[in-house]
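Each chain gets a letter, A, B and so on, in the order its sequence line appears, and its residues count up from 1.
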Protein chains: 2
Amino acid sequence: MSQLEQIKYYRSFQAGQTVIWSGDRMEFVGSVVSGIATLTQTMEDGRRQMVGLLLPSDFVGRPGRPVAAFDVTATTDLVMCCFRKKPFEDLMTSTPHIAQRLLEMTLDELDAAREWMLLLGRKTAREKIASLISIIARREASLHMKRAKDMLSVDLPLTREEMADYLGLTLETVSRQISALKKDGVISLEGNRHVSIPDIDRLLEEAGDDSDGGMLV
Amino acid sequence: MSQLEQIKYYRSFQAGQTVIWSGDRMEFVGSVVSGIATLTQTMEDGRRQMVGLLLPSDFVGRPGRPVAAFDVTATTDLVMCCFRKKPFEDLMTSTPHIAQRLLEMTLDELDAAREWMLLLGRKTAREKIASLISIIARREASLHMKRAKDMLSVDLPLTREEMADYLGLTLETVSRQISALKKDGVISLEGNRHVSIPDIDRLLEEAGDDSDGGMLV
DNA sequence: GTTGCTCTTTGACCCAGATCAAGCGCGGGG
DNA sequence: CCCCGCGCTTGATCTGGGTCAAAGAGCAAC
């Protein structure tokens with residue numbers, strides 16, 4: 001990786017700032033260092049669908065493709081580690097290991113996208129919300145194993161509207177379903193971003209997931 | 001590729017036969033030679049979502065993953081060209097070119113999956129049908145350039161129910177929307193599988209696609 | 001404190017698409 | 001030839017989630 005060290009640089013973005021517009025020439029690839037970014041598509045009439053959520057360590061960009069296919073937006077303050085595209089591609093052809101690692105990551109993303117297709121096409125609003133929370137919880141848990149006793153809790157890194165765009169719902173429906181899950185004791189809220197999960201199995205059941213497949217966002 | 005020639009073999013499946021069950025050990029990778037296969041997920045209660053449509057030349061399988069994540073089913077009689085997984089993986093590590101080609105294909109599939117997420121999350125039933133027909137038409141056209149004069153026509157390789165599973169609809173809605181598009185002169189039908197498209201731009205407009213992005217299935 | 005944001009919740013109503021339920025058309029087998 | 005089965009269409013009705021509208025809740029600037 002020492003050759004990569006030589007060509008890398010950092011870029012910072014403020015919350016709300018657009019990193020890349022769909023259709024732009026993409027002169028770099030990189031990965032998220034800190035903060036959260038989203039990958040979205042928008043139709044002419046404004047309908048929007050989030051197609052990916054980029055958390056720290058996630059890769060951005062497509063070696064071999066000149067223009068971006070989706071909008072990338074920072075939803076929190078964001079730091080990215082970037083490599084100019086050309087040198088990165090050269091390095092990739094000369095270092096097979098990198099292409100293989102990238103293939104592995106891309107296959108994981110593809111599986112995640114396909115899991116998401118099931119959610120978008122067939123799950124109810126309640127199941128969608130439960131799925132989103134459990135996925136965020138799983139990622140959080142795998143990162144810093146934060147659990148107070150056996151009570152799992154997470155911060156939702158997205159506004160209600162962003163969740164709606166991710167889940168193929170409206171923000172009102174997201175709000176209503178979160179309220180409903182709270183009323184039914186599946187989750188509890190402190191503020192409107194912090195969620196506690198008294199019983200993770202209950203939540204997974206609400207999500208309609210067949211057992212604990214290794215879905216990742 | 002001559003090394004690949006040495007380890008390849010063929011498998012045939014009848015229409016309706018399952019190629020691989022989700023969760024099965026996957027002892028081979030391969031690609032479709034002829035016929036059509038689908039990649040589907042099913043929830044315990046039977047709700048089904050198709051997450052991929054495999055046409056000739058499409059790759060099946062995941063180097064580096066022991067079990068299948070989705071059901072693969074032959075919807076027509078199917079011939080696949082297979083490679084036992086272990087030798088293929090060995091070959092991949094020793095032949096960088098293969099990993100790179102595979103990465104390219106996987107990135108294309110990822111883009112297609114993300115396009116499909118927009119369809120599933122945000123498009124209306126009519127737009128979904130129009131999108132499906134235009135995508136099949138585009139693939140057909142790129143394969144054998146079949147067009148009588150300037151009238152494009154395609155055979156739908158799927159039943160109404162399979163289309164419904166692909167689009168996140170019910171088969172009744174699929175049928176109704178196809179009838180509606182026919183009544184409005186956007187398409188015409190001969191039998192219930194063969195579609196003619198008098199005006200491809202009109203169809204693309206109905207699909208809600210922002211211009212002619214290179215979506216592939 | 002007040003003003004003015006943005007984000008969120010909640011209510012009332014509506015509609016696209018699901019569900020339930022007949023029928024139709026056509027190809028294969030007796 | 002008729003019957004049967006399967007894929008498809010069409011109608012009637014229902015409903016989950018969208019739409020429109022109003023109001024609370026933080027919170028930063030003044």
Figure out the CD/C1' separation between B:Q177 and D:dT9, and round it to whole Å. 13 Å
With distance as the sole test, does B:T76 use its side chain to make a donor-acceptor pair with the main-chain N or O of B:A15 at under 3.5 Å? no
Short side-chain N/O contact to D:dG17 OP1/OP2 from A:R126, under 4.0 Å: no
Does the base of D:dC8 carry an N or O that pairs as donor and acceptor with the side chain of B:E172 under 3.5 Å? no
Rounded to the nearest angstrom, tell me the gap between atom CD1 in A:I129 and atom P in D:dG17. 10 Å
A:R114/A:E109 salt bridge by N-O under 4.0 Å criterion: no
A:R193 or A:R122: which one's nearest nucleotide on DNA chain C is closer to the 5' end? A:R193
Quick check on D:dG18: is either OP1 or OP2 less than 4.0 Å from any side-chain nitrogen or oxygen of A:T170? yes
Does a side-chain N or O from A:T173 land closer than 4.0 Å to OP1 or OP2 of D:dG17, or not? no
Give the rounded distance in Å between these two atoms: CG of A:N192 and C1' of D:dG24. 12 Å
When you compare the side chains of A:T170 and A:T173, does any donor N or O come within less than 3.5 Å of an acceptor on the partner? yes
Between C:dG17, C:dT8, D:dC8, which nucleotide gets closest to the side-chain atoms of B:T124? C:dG17
Touch class at under 4.0 angstrom, heavy-atom based, for A:G16 against every strand present: nothing
With heavy atoms under 4.0 Å as the rule, sort A:S175 into base, sugar-phosphate or nothing. base
Can you find an N or O donor on one side and an acceptor on the other, under 3.5 Å apart, linking the side chain of A:E161 with the base of C:dC7? no
Under 4.0 Å from OP1 or OP2 of D:dT9: is there any side-chain N or O of B:R160 that close? yes
When the distance from CG of B:L171 to C1' of D:dG7 is rounded to whole Å, what number comes out? 9 Å
note: B:K123, atom NZ; C:dG17, atom P; distance rounded to Å ~ 13 Å
Under 3.5 Å, is there any donor-acceptor pair linking the side chain of B:R176 to the base of D:dG11? yes
CG of B:L167 versus C1' of C:dA18: gap in Å, rounded? 15 Å
Verify the distance criterion only: is there a donor paired with an acceptor across the side chains of B:K182 and B:S188 at less than 3.5 Å? no
Under 4.0 angstrom, heavy atoms only, what part of the nucleic acid is A:G168 near: base, sugar-phosphate, or nothing? sugar-phosphate
Scan side-chain atoms only and decide if A:S196 and A:E190 contain a donor-acceptor pair under the 3.5 Å cut-off. yes
Gap between atoms CG and P, on B:L181 and D:dT9 respectively (whole Å): 12 Å
